[in-house]
Number of protein chains: 2
Amino acid sequence: MKPQRSNSRSNSRNRALVEAAADLFASQGFKATSMRDIARAVDMLPGSIYYHFDSKDDLLLAIYEAGVAQITQTFEEAVESLDDPWARLEAGMAALIRAVTEESSFTRVIFKVTPDEVPKYSGELIAFRDQFEAKFEELLEGLSLQPWVNRQLLRLMLLGAGNHAQLWFSPDGDYSADEISEQFCRFVKESATR
Amino acid sequence: MKPQRSNSRSNSRNRALVEAAADLFASQGFKATSMRDIARAVDMLPGSIYYHFDSKDDLLLAIYEAGVAQITQTFEEAVESLDDPWARLEAGMAALIRAVTEESSFTRVIFKVTPDEVPKYSGELIAFRDQFEAKFEELLEGLSLQPWVNRQLLRLMLLGAGNHAQLWFSPDGDYSADEISEQFCRFVKESATR
DNA sequence: CTATTAAACAAACACTTGTTTGGTAAGTCA
DNA sequence: TGACTTACCAAACAAGTGTTTGTTTAATAG
């Protein structure tokens, strides 16, 4: 383990590093981003990164952790004020779509970089992902659905549809995250409350 | 351009090459697979691959082309004998899920390796993808749906949900491709025919 | 039997990768 | 003042990357 201690104001550089790395990982992918790319982005020499982080993998781990914390918070904020289970689902789904597309690069990294790209930490990364998906699962529990509905498959369907948005969504495209979420959720809602 | 000509029986080695590459690309990804990995898999020296293909990128292009041809065929075979639009959708969706998970590595590569990983051919790769997605779109046109339904978003939802299956599906898991397809399509069907 | 071609080998090339090492200027603290 | 620490630079390291080159073997065609 390296610094990560909060003393001094050094964490400003540390933070800049993580942010630059997150930007690059989110847009180019993990493998396609080199330590030299990251160093250049923060105006630093490649070797100097190793004062702050032990390895490229550790850098990703830190980003994943921050990303999950952020998406979890965004998600809960979007949902907490609502009571109706369907409204909660819709708001949560919209938060997911925003996280995958518009939101900070931290959250985007989580859905862009798959755990199997980093064998050393694949277990930890999967755990971080699960942490968020559990929140999503809670949402579904609140819904009253027809007996034919398999909640597990429903979760995977919505998660997959949301996740996939990162490949086609455009901020200035035809639809907003809210509109997309509303459409996706409506199929579930209409078929459950018939 | 290199051989690709069908003379001699040399295309047995050529074919072995493409198959080995497809296997590796499908399981490890494009960037994570080196020409040396591929060479080793077919018991050949790295340089020798360049007798058959001009570059690693060209190798992927060939795989994409073969993969799209295969998934298109599988898809049409699954659908052609059916008349009912809903049955056709369900069969098509099941074919997609099988292509993403169980089927040959050629089809899996298409969904595992994204076009932006190969800038040189990203246009061509996107065109190949679109070629298949157009088939899927045709299926949706046959459905009679409620006025609130946006067909474009519906397509993206189903495509995303199917695509995502590659991350969690297991051949000896709880569900078959058919069961998954049936569940996904049912949400659409129930909400459209209420 | 010879000329040509297909298919591969052996070895390198130029470059990029993540990472390590030794040193150093600036600041902190006793 | 002197010891210690923080944050970095400069330079290299070993390994791996896609690819090229010159050469060789085996088959085929005239």
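The figures that follow rest on heavy atoms only: side chains count, while hydrogens, waters and symmetry mates do not. Chain letters run A, B, ... following the sequence lines, proteins first and then strands; every chain starts at 1. Everything quoted here is computed from the prediction, not taken from an experiment.
Distance from the side chain of A:Met44 is smallest for D:dC8 among the nucleotides C:dT19, D:dC8, D:dT20. When the nucleotides C:dA6, C:dC9, D:dT19 are ranked by their closest atom to the side chain of B:Lys56, D:dT19 comes out on top. The side chain of A:Arg13 lies closest to D:dC8, out of D:dG18, C:dG18, D:dC8. Side chain of A:Ser55, nearest nucleotide from C:dT19, D:dG18, D:dC9: C:dT19. Considering only the side chain of B:Pro46, D:dT19 comes nearest among D:dT19, C:dG18, C:dC9. Side-chain proximity of A:His52 to the nucleotides D:dC8, C:dA8, D:dA10 is greatest for D:dC8. Of the candidates C:dT17, C:dC9, D:dC8, C:dC9 carries the atom nearest the B:Leu45 side chain, counting heavy atoms from C-beta on.
The distance from the CD1 atom of A:Ile180 to the CD atom of A:Glu90 is 12.5 Å, given to the nearest 0.5 Å.
Each of A:Phe30 and B:Gly47 was assigned the nucleotide of DNA chain C with the nearest heavy atom; the assignment lying further toward the 5' end belongs to B:Gly47.
Ion pairing between B:Glu76 and B:Lys135 holds under the 4.0 Å rule for side-chain N and carboxylate O.
Side-chain contact annotation: B:Thr114 with B:Asp116, donor-acceptor N/O pair under 3.5 Å present.
Shown here is B:Asp84, whose CG atom has more than 12 heavy atoms of other residues, nucleotides or ligands within 6.0 Å.
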